[in-house]
Number of protein chains: 2
Amino acid sequence: MFTILSTDPNKKPRLVSELGGLSHTEEFKYSKDAEIFGEAGPADYIYQVIEGAVRTHKLLSDGRRHIGAFHLPGDIFGLDNGDFHRFTAEAIVDTTVRLVKRQSLERATKTEPAMVRSLLTMTTANLQHVENHILLLGRNTARERVAAFLIEMNGRLKSAGVIALPMNRRDIADYLGLAFETVSRMFRAFERNGYLRFLIDPRQRQIVILNAAGLTKLDAPRKRKDTFSVD
Amino acid sequence: MFTILSTDPNKKPRLVSELGGLSHTEEFKYSKDAEIFGEAGPADYIYQVIEGAVRTHKLLSDGRRHIGAFHLPGDIFGLDNGDFHRFTAEAIVDTTVRLVKRQSLERATKTEPAMVRSLLTMTTANLQHVENHILLLGRNTARERVAAFLIEMNGRLKSAGVIALPMNRRDIADYLGLAFETVSRMFRAFERNGYLRFLIDPRQRQIVILNAAGLTKLDAPRKRKDTFSVD
DNA sequence: CGATGACTTGAACGCCATCAATCGCTGTGG
DNA sequence: CCACAGCGATTGATGGCGTTCAAGTCATCG
């Protein structure tokens, strides 16, 4: 289904296992909202989230922001196959990352040609995520986008039946190309229509999906108004 | 600038030169609107446009269509790094392509490790095109999108100062995530405002850009209404 | 020469952005 | 300990932009 935005995590090479055997790996901690690397900065390292969450974004000339991806524990980011990063990366919450010098990767490709293939596999996975995302941004309504987001997150960070979102409404909005008020409205509409409920949480970031099948159907394009009402 | 959608053609490996030395290359002709390969079909070949133009698209479940890219002479397409194509490819006009068996590429990577790197380079180029396109679809107005499209095409297929578009308004609309009527309206608005003019052509596909700098500025996000009027 | 396809243009509606107000919680300082 | 500022989220009101529906033109083709 085109709306499943997350890439199968089992297909992602783990930094240690598949790229592993590398000497120069270190861990580092970033506090909430700290910048990990900047757009157009030198791409000296690639990263893997150990704990926490990371957003990668681009700023447009008028101040609008596009978030390209959210990176959760296990995810690899900062792989640009060039000398410069194409996104800025920031910690959404206090976050621990593992990092590997790109130079040592480059060196490793000399002795281990399979390494290049791993890079190709990861880049292809990125490409597929972006290709799926483009369908969302190009053609879908606000409701479809938010439904797709919830389905993605339900797959990626559901734990004990609960989605604990690390990011705020604005981050979600900038990921989906919407106003943050619209994201808020859609969340509440889903709640009123019985698709989800919020746990006790002042910031409304703990979500239980009650009707995943219904959300998946909403995500798919609609012809009629269905039985869904925003009011 | 993020709005330049085209990848620098000089950075693309040419199928013959960089991937070359391969025995199993053939040429093939497709007539207008013929399918070259189908989404989810086996990815047995990769392709290079010799003459003509190709569009790659995905169909959504309700019949809406997303065009991911237009491929012009010299461009390589159908490179999916997997066993199946992720797009459908069709000839926009009568088109000649060169094709290479993927199997022979795979074989070549064994004797020539640099080949994998070429594939990685091409995949990264695709990724960058999609990343740029996503900014357009996620955040920009119809005017910005059409301006960006014209700038892209001005860079890719201007010849003797004239852009001869191979695709119709609907193709452009499905590439930009707009209704085809909106594309038509924007084209005419640009004409009325002196940004371009049409050559004598019943289908209005021969365009001369009169004010590329102005279009580039329009493409960039706007705060005010500027001096541009749709009426 | 009627039919078809590509494009343009008009009119009306509806979705979502924008602006604005409010609420609840957190944390900080007096 | 309490007052208050500040942030995140919600909710309402309004308007604009782009879609949708519709009609009409022109060229091409069977």
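Numbered from 1 within each chain, the chains take letters A, B, ... in sequence-line order. What you see is a predicted model; the values in this text were computed from it and never measured.
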On DNA chain C, more 5' by nearest nucleotide between A:Pro202 and A:Arg145 is A:Arg145

How many whole angstroms separate atom CE of A:Met186 from atom C1' of C:dA17?
12 Å

Using a strict 4.0 Å threshold on nitrogen-to-oxygen distance, state whether A:Glu181 and A:Arg185 make a salt bridge.
no

Go through C:dA17, C:dT9, C:dA20 for me and flag the one nearest to the A:Thr182 side chain.
C:dA17

For A:Lys32 and C:dT26, give me the distance from atom NZ to atom P, rounded to whole Å.
14 Å

Does the ring-ring contact (aromatic ring centres under 6.0 Å, His included) test come out yes or no for B:Phe37 and B:Tyr45, once each step is laid out?
CA-CA 9 Å; B:Phe37 56 77; B:Tyr45 297 91; 9.9 Å; no

I'd like to know if B:Arg65 and B:Asp174 make a salt bridge, using a cut-off of under 4.0 Å between side-chain N and carboxylate O.
yes

Can A:Tyr47 and A:His71 be said to form a ring-ring contact (aromatic ring centres under 6.0 Å, His included), step by step?
CA-CA 10 Å; A:Tyr47 302 79; A:His71 306 280; over 10 Å; no

Where along residues 203-211 of chain A does a heavy atom fall under 4.0 Å from DNA chain D?
A:Arg203, A:Gln204, A:Arg205

Ionic contact status for A:Asp33 with A:Arg55, cut-off 4.0 Å:
yes

Rounded to whole Å, the CD-C1' distance (A:Glu181 to C:dC15) equals 14 Å

Looking at every strand, decide which applies to A:Phe187 at a 4.0 Å heavy-atom threshold: base, sugar-phosphate, or nothing.
nothing

Which nucleotide in D:dG12, D:dA9, C:dT9 has an atom nearest any side-chain atom of B:Arg192
C:dT9

Output yes when A:Glu39 and A:Arg86 qualify as a salt bridge under the 4.0 Å nitrogen-oxygen rule, no when they do not.
no

From CG of B:Leu165 over to P of C:dA6, roughly how many Å is that when rounded to an integer?
15 Å

Nearest 0.5 Å please: distance from the CZ atom of B:Phe87 over to the NE2 atom of B:His57.
10.0 Å

Which of C:dT26, D:dG8, C:dT9 is nearest the side chain of B:Ser184? It is C:dT9

What is the distance, rounded to the nearest whole Å, between atom CZ of A:Arg185 and atom P of D:dT14?
14 Å

I want to check one thing: is the phosphate of D:dT11, taken as OP1 and OP2, less than 4.0 Å away from some side-chain N or O of A:Arg188?
yes

How long is the line joining CD1 of A:Ile200 and P of C:dG24, in whole Å?
15 Å

To the nearest angstrom, the CG-C1' distance between A:Asn168 and D:dT10 comes to 14 Å

If you compare every side-chain N and O of A:Arg169 against the phosphate oxygens of D:dT10 (OP1, OP2), does one of them come in below 4.0 Å?
yes

If I take atom CD1 in residue A:Ile172 and atom P in nucleotide D:dA9, what distance separates them, rounded to the nearest angstrom?
8 Å

